[in-house]
Amino acid sequence: MKENKPSYLNFNVEDYPWKPDIDYRAHPELYRVGKGEQGVLICEPYKSEIGPHWRFKNIEIAEESSEKIFGMFRQYVKDHDFVGADMARKYLQMGYTRARRYCNYKGGKKYDKENEYKPLERGTGDPEKAASAAIFYDKWKEAEADSQYARMKKEWKKNKG
């Protein structure tokens with residue numbers, strides 16, 4: 001039987017490949033692509049550059065945020081800064097996943113901490129977040145479809161992980 005508890009409860013910081021004390025622009029060789037959004041809230045200086053623009057409260061804010069981050073993605077690609085481009089792509093992906101969570105669950109909470117982490121009821125969240133999620137989804141997929149980024153990512157994973 002699958003345990004209900006969220007995986008972050010068993011998080012082991014020592015095993016996590018991304019570290020907050022590394023400057024990934026100065027040491028890009030230490031960056032790993034990982035799965036999904038891993039490392040997005042840790043990797044500096046990109047977290048500080050991209051994070052302040054990441055918002056999805058409503059449609060207008062999501063459009064502005066996704067456009068800004070996508071513009072940053074394009075600039076990182078143009079500058080041949082794979083780490084920056086990958087981090088911007090991760091923020092776009094995270095805009096989608098977090099907005100969907102707030103659409104699906106009131107307050108964005110999936111588990112009831114007070115009740116042995118039982119899953120909370122779906123469909124109780126903010127319906128406007130579905131539109132915000134769609135905006136980020138389109139930009140995320142546009143970033144992933146960028147041919148130069150795709151080449152950079154393939155080469156990075158082959159050589160560095």
Side-chain angles (χ1 to χ4, degrees), residues 6-8 11-110 125-161:
S7 61
Y8 60 78
F11 183 74
N12 184 344
V13 72
E14 297 301 320
D15 292 341
Y16 201 56
W18 299 272
K19 307 293 181 205
D21 59 341
I22 295 174
D23 178 333
Y24 286 94
R25 181 168 288 129
H27 298 284
E29 72 280 1
L30 300 175
Y31 180 78
R32 299 297 173 259
V33 173
K35 292 181 182 179
E37 305 150 16
Q38 289 178 322
V40 74
L41 297 175
I42 292 177
C43 295
E44 291 289 5
Y46 303 102
K47 171 189 164 186
S48 294
E49 291 173 5
I50 304 166
H53 305 289
W54 180 68
R55 302 285 179 264
F56 55 88
K57 183 176 183 176
N58 59 41
I59 294 167
E60 184 180 317
I61 289 170
E63 284 175 347
E64 183 180 324
S65 174
S66 65
E67 284 292 335
K68 175 67 176 174
I69 294 170
F70 188 72
M72 295 173 83
F73 166 83
R74 284 199 162 146
Q75 188 62 51
Y76 290 130
V77 169
K78 184 179 175 186
D79 294 344
H80 303 284
D81 181 349
F82 172 73
V83 178
D86 199 50
M87 289 291 293
R89 190 261 320 152
K90 288 180 180 191
Y91 270 95
L92 293 170
Q93 181 178 359
M94 192 168 67
Y96 165 69
T97 60
R98 294 310 183 279
R100 284 301 315 169
R101 183 181 298 165
Y102 278 82
C103 173
N104 293 335
Y105 301 97
K106 186 175 183 174
K109 304 285 185 209
K110 291 171 63 174
D126 180 353
E128 187 173 22
K129 296 295 189 290
S132 294
I135 290 163
F136 272 97
Y137 182 85
D138 290 343
K139 288 298 180 193
W140 166 37
K141 291 303 176 180
E142 190 175 345
E144 285 196 334
D146 183 278
S147 60
Q148 186 176 351
Y149 168 75
R151 282 191 301 277
M152 291 166 66
K153 184 175 182 179
K154 184 177 181 181
E155 192 67 24
W156 191 277
K157 287 176 85 171
K158 177 182 166 191
N159 295 324
K160 296 180 176 126

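Computation of the quantities below employed the complete heavy-atom set of this structure, encompassing side-chain atoms and omitting hydrogens, waters and symmetry-equivalent molecules.
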Exercise for review: With the side chain counted from C-beta on, respond yes when E64 and I61 share a heavy-atom pair under 4.5 Å apart, and no when they do not.
Suggested key: no
Check your understanding: Are the charged groups of E128 and K57 less than 4.0 angstrom apart, N to O?
Key -> no
Review point. Is it true that a side-chain atom of E44 and a backbone atom of S48 form a donor plus acceptor pair closer than 3.5 Å?
Key: yes
Review point. Any chance the rings of F70 and F73 have centres within less than 6.0 Å?
Key: yes
Point to revise | Any D81 side-chain heavy atom under 4.5 Å of R25 side chain | key: yes
Review point. Looking at Y102, Y96, Y137, which hits ring pair (Phe, Tyr, Trp, His ring centres under 6.0 Å) with F56?
Key: Y102
Review point. Is the closest side-chain heavy-atom distance between M94 and F136 below 4.5 Å?
Key: no
Exercise for review: Tell me, yes or no, whether the heavy-atom count around K153 atom NZ, taken from other residues, nucleotides or ligands under 6.0 Å, exceeds 12.
Suggested key: yes
Point to revise | Any donor-acceptor pair under 3.5 Å from D86 side chain to F82 backbone | key: no
Review point. More than 12 non-hydrogen atoms from neighbouring residues, nucleotides or ligands closer than 6.0 Å to CD on Q75, yes or no?
Key: yes
**Study point:** Q148 atom CD, neighbour heavy-atom count above 12 within 6.0 Å
**Key:** yes
Check your understanding: Can you tell if the side chain of E67 reaches within under 4.5 Å of the side chain of K139, non-hydrogen atoms only?
Key -> yes
Check your understanding: Hey, what do you get for CD (E29) to OH (Y24), rounding to the nearest 0.5 Å?
Key -> 10.0 Å
Check your understanding: For the side-chain hydrogen bond (donor to acceptor under 3.5 Å, both in side chains) test, which of K90, R98, R89 pairs with E37?
Key -> R98
Check your understanding: Can you tell me how far CG of N104 sits from OG1 of T97, rounded to the nearest 0.5 angstrom?
Key -> 11.0 Å
Point to revise | Short side-chain to backbone donor-acceptor contact, Y91 and V40, under 3.5 Å | key: yes
Study note, to complete from the structure: On a heavy-atom basis, the closest approach of G39 and M87 is O-CE, 3.9 Å
Check your understanding: Distance from M72 atom CE to H53 atom NE2, nearest 0.5 Å?
Key -> 4.5 Å
Point to revise | Candidate pair E142 and R74, rule side-chain contact (heavy atoms from CB on, under 4.5 Å), full reasoning | key: CA-CA 11 Å; E142 190 175 345; R74 284 199 162 146; 3.4 Å; yes
Exercise for review: Enter the distance from I69:CD1 to W140:CH2 here, rounded to the nearest 0.5 Å.
Suggested key: 14.0 Å
Exercise for review: Answer yes or no: does atom NZ of K19 have more than 12 heavy-atom neighbours from other residues, nucleotides or ligands under 6.0 Å?
Suggested key: yes
Study note, to complete from the structure: So CG of L41 and NZ of K47: to nearest 0.5 Å the spacing works out to 6.5 Å
Check your understanding: Is a side-chain donor or acceptor of W18 paired with a backbone partner of R32 at a separation under 3.5 angstrom?
Key -> yes
**Study point:** Check: W156 side chain, Y31 main-chain N or O, donor-acceptor pair, under 3.5 Å
**Key:** yes
